[in-house]
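Note sheet for the following structure.
Whatever order the structure lists them in is the order used to number ligands and atoms, beginning at 1. Bear in mind that the values here come from a model prediction, so they are computed numbers and not experimental data.
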Amino acid sequence: MRLSRTLAPTLKETPAEAQIVSHRLMLRAGLVRQTAAGIYAWLPMGFRVLQNIARIVREEQDAVGAQEMLMPTIQPAELWRTSGRYDAYGPEMLRIRDRHERDMLFGPTNEEMITDIFRQSVKSYRELPQMLYHIQWKFRDEVRPRFGVMRGREFLMKDAYSFDLDYPGAVISYRKMMLAYMRTFQRLGVKAIPMEAESGPIGGNLSHEFIILAATGESEVWYDAGFERMDFSGSAVSHQSEADLERFFAEMTTPYAATDEKHDPAAWDKVSDQRQGRGIEVGHIFYFGTKYSAPMGLSVAGRDGIPVVPHMGSYGIGVSRLVGALIEAHHDAAGIVWPESVAPFRAAILNLKVGDPLCDRVCEDLYARFAGAALYDDREDRAGVKFADADLMGHPWQIVVGPRGAAAGVVELKRRATGEKLELPIDAVHARIG
Ligand code: P5A
């Protein structure tokens, strides 16, 4: 992408409406623009990050056998009346009436809809277990939308749903999903602590929140320092046998606790190395048994012909919230420092003298070499502006092309995360960081 032809409106000044650093940086780096309270348009640079996060989430869902699908955003109220949640959900639900005076709503979540789809098509125990997911926009008319995309009204969620014949089966699905979450967050470059949670309006009796530690997090948490050292990419998570899952789960749910009524002193007493911090909830998973399947009449023929009511779980990740949460965890005074896995571009090529035939040629060659993975700053701006914008936008590498270096056949490479600089022959750049 050529920056001169990109809608990436960077701002020098700090926008007054933004209270936390990720919101400020998202506006300043030109990732999003607010279109109404809690509703954001994703500009090209922000959209690339959102897509990168969604891709990693998708790959890890697929890896544990969840099937991707896509359900609509608009739902008939009727579905929610059958589960009893239509009235219970309250003013957070955006209610809509169509031209035939039918009650509709913009979905805040999809438990009812997936249960209905499953009920229409699955008839036998032989078809279970199954896990399904989609990555789709949700709407919740939050009382206080704030912190930019962190607490929006319209937001992108990955929501998965599991169907099992019985409780032990549902626990296996739950653990598989938990494992997928740990891998997902690790690949996104953040430590997410699984924390036992109240299940709230989604219901059920087994639930974990996934919390990213960040100074500006909404809730206060206490955790075992062991979580900071855990690595979920190793052999413990690369196997899928039930025994492996069992061991992994036992290891992962070493005692932890949080403030408020969730605090469990008995568990907390066993923690050897206690830490205190603040956290952002980036995921939430629930086992809720037959809370939806029973009232909605979902049952399948069991092995002996007797109907069985499937046990369900649902599993959410805040995909758009993660963009903000990742910035909270990865920034410095100059701007965003993207983890490599989600950065909008791997490198920014900074042409310090646009119009100089040699600089232009070196940049064009490098740009072609990176085949879409580099952003080319070809704007006729001062070098200082280019450096500042590249730091603000946070691409992992900057390739600085100036007339003197170009004449000598070299460019300067800067690593955004460390500020470390090195001079390299032009031909070696792509092999080094491409
Ligand atoms: C689980 C999947 C659910 O809705 N139903 C389907 C269950 N859970 S949840 O905890 O309510 O939401 C899941 C995740 O979505 C993100 N999230 C939000 N992100 C931005 N703005 C919001 N207003 C918002 N509300 C929820 C969170 O990351 C949450 O963990």
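Side chain of Q120 to backbone of I117: no donor-acceptor contact under 3.5 angstrom is found. Side-chain atoms of S124 come within 3.5 Å of backbone atoms of R126 as a donor-acceptor pair (strictly under, hydrogens ignored).
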Checking ring-ring contact (aromatic ring centres under 6.0 Å, His included) for the pair Y376/Y367: CA distance, chi angles, key distance, verdict? CA-CA 7 Å; Y376 176 19; Y367 181 51; 5.6 Å; yes
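Between the side chains of R85 and Y292, at least one donor-acceptor pair of N or O atoms lies under 3.5 Å. Side-chain contact annotation: D166 with H311, donor-acceptor N/O pair under 3.5 Å absent.
Atoms of ligand 1 lying under 4.0 Å from any heavy atom of Y315, numbered from 1 in the order shown and given with element: 1 (C), 2 (C). For ligand 1, the atoms closer than 4.0 angstrom to any heavy atom of D159 are 2 (C), 6 (C). Under a 4.0 Å criterion applied to the non-hydrogen atoms of R151, ligand 1 contributes the atoms 21 (N). With ligand atoms numbered from 1 in the order given, ligand 1 contributes 20 (C) to contacts under 4.0 Å with heavy atoms of V149.
In this structure, CD in Q75 is found 7.0 Å from CD in E112, a value given to the nearest 0.5 Å.
Contacts between R321 and ligand 1 below 4.0 angstrom, taking non-hydrogen atoms only, involve the side chain exclusively. In M157, the part holding a heavy atom less than 4.0 Å from any atom of ligand 1 is the side chain. Residue contacts with ligand 1 for V282 involve N, CA, C or O but no side-chain atom from C-beta outward (heavy atoms, distance under 4.0 Å).
Closest heavy-atom approach to atom 4 (O) of ligand 1 within the set E92, R140, E111, K138: this belongs to R140. Of the candidates F147, F139, F286, F155, the one placing a heavy atom closest to atom 17 (N) of ligand 1 is F155.
Not close to ligand 1: E209, with no non-hydrogen atom less than 4.0 angstrom away. Judged by the shortest distance from any of its heavy atoms, Y161 lies inside the 4.0 Å radius around the atoms of ligand 1. Residue contact check for ligand 1: M150 places a non-hydrogen atom closer than 4.0 Å to it. At a 4.0 Å cut-off, not a single heavy atom of I285 sits close enough to ligand 1 to count as contact. Contact between G152 and ligand 1 is present, with at least one heavy atom of the residue lying under 4.0 Å from the ligand.
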Using distance only, find each side-chain donor-acceptor pair of residues 339-349 under 3.5 Å and give its atom names and separation, not counting sequence neighbours.
unit_1, atom_1, unit_2, atom_2, d
E340, OE1, R346, NH1, 2.8
S341, OG, R187, O, 2.7
R346, NE, I433, O, 2.4
R346, NH2, I433, O, 3.0

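A cation-pi arrangement is present between R95 and Y86, with the terminal nitrogen or guanidinium carbon under 6.0 Å from the aromatic centre and inside a 45° cone about the axis.
Listed by chain and number, the residues in a side-chain contact (heavy atoms from CB on, under 4.5 Å) with K421 are E412, K414 (sequence neighbours excluded).
Checking only distances, T109 does come within under 3.5 Å of ligand 1, N or O to N or O.
In this structure the side chain of F163 never reaches within 4.5 angstrom of the side chain of V300, judged on heavy atoms.
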